[in-house]
Amino acid sequence: MAPQTLLEFPPSNQSQPVPPNATSCDEDREAWDLLHSLLPTFIVAVCLCGLLGNLSVLSVFLLSRRRLNTAEIYLANLAASDLVFVLGLPFWAENIWKRFNWPFGAGLCRIVNGVIKANLFISIFLVVAISQDRYCLLVHPMASRRRRRRRLARVTCVLIWVLGGLLSIPTFLLRSVEVVPELNVSACVLRLPHEAWNFLRMVELNVLGFLLPLAAIVFFNYHILASLRERTEVRRTRGGGPTEGKSTALILTLVTAFLVCWAPYHFFAFLEFLFQMRAIQGCFWDNLIDLGLQWANFFAFINSCLNPVIYVFVGQLFRTKVWELYKQCSSRRLPATSSSHRKEIFQRFWRN
């Protein structure tokens, strides 16, 4: 690896090495050919699903007449962040399809990668904010009033977007399109000023972008699950009442999806850092890290498609919002239909 001329592909913003099929480590040429042919198609499919899911979420939230509550503010911002994130995926798919030959110019090289980098952090930080909001609501329900929580949610979302923008500034500044002789392409590269930046970027990506948010998510959801179990036991001892099984399953799904989608990417990003620091060496690690990062990126992309399903469609919140929007529209078109009859039709639709 040549640390001063490293390729980097969205959304990693970790310094990516020149693919091994252009170096002396070329025994995995078939694996790279398979990646160039299959991965772009998968990425485009993820992009289409993410566009459909996040646009649906935003349309339901924004078309409703009622003012958004705290949870809906966070979910709307998460959908907006994921929507911006997936808009950059076609550029990344085309980049891989052309074997890392960037055809869109230096301006889009900086903009696309900078926006993807910003929304990578924004999406993760919003997941933490949602977990923190649920923690306050379920574990400390009397700690704050509804209006105060709504105002805090707006301020928190603004700060998260600003922080994501600040963290993407190095990407905007250091990105450029340069000729890579080994590949015979003009690639969108990240040129780091000094090798010490590898350590700084590892801290930014792995610690700030994964480990700390993960610790917060585990902390909040652990206490949420403990609170739900206590409430369930109280209801059972008092003789019945609905349990919190659906809420518990939803919380576990959130944490599991976060780990499954992001853990492989950060694992390979950390291996890449070790390779750059020469803690591990050899063609085996070179090929494993390069190929692993590309496929791990794909799993990270999927999280932007799963968020609308997990945070909204699986939960009761989105169904309630859709029902409100349905009543709002049907009251104009079907004035003679009773509200109870419309609700029965709506519930049958969701069951089917």
Side-chain angles (χ1 to χ4, degrees), residues 11 50 53-54 57-62 64 66-86 114-169 203-225 227 247 250-251 253-255 257-259 261-262 300 303-304 306-312 314-318 320-321:
N54 290 291
V57 172
L58 282 176
S59 62
V60 169
F61 283 143
L62 298 181
S64 178
R66 183 174 61 82
R67 186 168 55 177
L68 298 180
N69 60 33
T70 304
E72 292 165 350
I73 291 173
Y74 284 124
L75 292 172
N77 277 270
L78 180 63
S81 173
D82 287 335
L83 180 62
V84 175
F85 186 91
V86 299
V115 169
I116 288 178
K117 173 68 175 296
N119 284 275
L120 182 152
F121 285 101
I122 291 170
S123 179
I124 293 176
F125 293 159
L126 284 171
V127 172
V128 177
I130 292 172
S131 298
Q132 189 270 343
D133 177 69
R134 290 179 57 87
Y135 168 81
C136 293
L137 182 64
L138 296 176
V139 181
H140 302 290
M142 303 302 295
S144 60
R145 296 180 180 272
R146 181 177 299 179
R147 291 182 180 178
R148 192 177 304 168
R149 288 178 58 241
R150 188 185 295 117
R151 190 182 306 114
L152 178 61
R154 295 196 189 99
V155 174
T156 301
C157 290
V158 171
L159 292 177
I160 287 176
W161 283 89
V162 171
L163 179 59
L166 292 176
L167 290 172
S168 67
I169 289 178
V203 172
E204 177 195 48
L205 185 67
N206 291 104
V207 179
L208 186 60
F210 182 70
L211 293 180
L212 291 181
L214 176 62
I217 291 172
V218 171
F219 172 81
F220 290 135
N221 287 288
Y222 171 80
H223 288 283
I224 290 172
L225 291 174
S227 177
S247 298
L250 176 60
I251 293 171
T253 305
L254 300 179
V255 178
F258 180 81
L259 285 172
C261 291
W262 284 105
N303 191 243
S304 295
L306 292 180
N307 280 336
V309 178
I310 297 173
Y311 285 96
V312 183
V314 175
Q316 186 65 31
L317 180 63
F318 184 77
T320 302
K321 202 70 178 179

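Being a predicted model, the structure only gives us computed values, none of them experimental.
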Quick check for you: to the nearest 0.5 Å, what is the distance between L126 atom CG and S131 atom OG? 11.0 Å

Work out which heavy atom in R67 is nearest to a heavy atom in E72; give both atom names and the distance. O-OE1, 4.2 Å

Applying side-chain contact (heavy atoms from CB on, under 4.5 Å) to V207 and L212, what does each step give before you reach the verdict? CA-CA 6 Å; V207 179; L212 291 181; 4.0 Å; yes

Rounded at 0.5 Å granularity, tell me how far CG in N303 sits from CD1 in I124. 8.0 Å

Could you check whether any side-chain heavy atom of V128 comes within less than 4.5 Å of a side-chain heavy atom of F258, counting everything from C-beta outward? no

OH (Y74) and CZ (R134) are apart, to the nearest 0.5 Å, by 13.0 Å

From CZ (R149) to OG1 (T156), nearest 0.5 Å: 11.0 Å

Measure the CG-CD1 distance between L78 and I130 for me, rounded to the nearest 0.5 Å. 5.0 Å

Applying side-chain hydrogen bond (donor to acceptor under 3.5 Å, both in side chains), can you list everything that pairs with N119, at least two apart in sequence or on another chain? S81

Only one of L152, L137, D133 passes side chain to side chain contact (heavy atoms under 4.5 Å, CB included) with T70, and that residue is D133

Looking at R150 and L68, would you say the former's side chain and the latter's main chain have a donor-acceptor pair under 3.5 Å? yes

N/O donor-acceptor pairs under 3.5 Å from side chains in residues 157-169, not counting sequence neighbours:
{"from": "W161", "atom 1": "NE1", "to": "N77", "atom 2": "OD1", "distance (Å)": "3.0"}
{"from": "S168", "atom 1": "OG", "to": "G165", "atom 2": "O", "distance (Å)": "2.7"}

Would F220 and L138 count as a side-chain contact (heavy atoms from CB on, under 4.5 Å) here? Give the steps. CA-CA 10 Å; F220 290 135; L138 296 176; over 6 Å; no

To the nearest 0.5 Å, atom CG of L259 lies from atom CH2 of W262 at 12.5 Å

If only atom types and distance count, is the side chain of N54 paired as donor or acceptor with the main-chain N or O of S304 below 3.5 Å? yes

Contacts of F219 meeting side-chain contact (heavy atoms from CB on, under 4.5 Å) (sequence neighbours excluded), chain-then-number -> Y135, H223

Taking C-beta and beyond as the side chain, do L120 and F85 meet within less than 4.5 Å on heavy atoms? yes

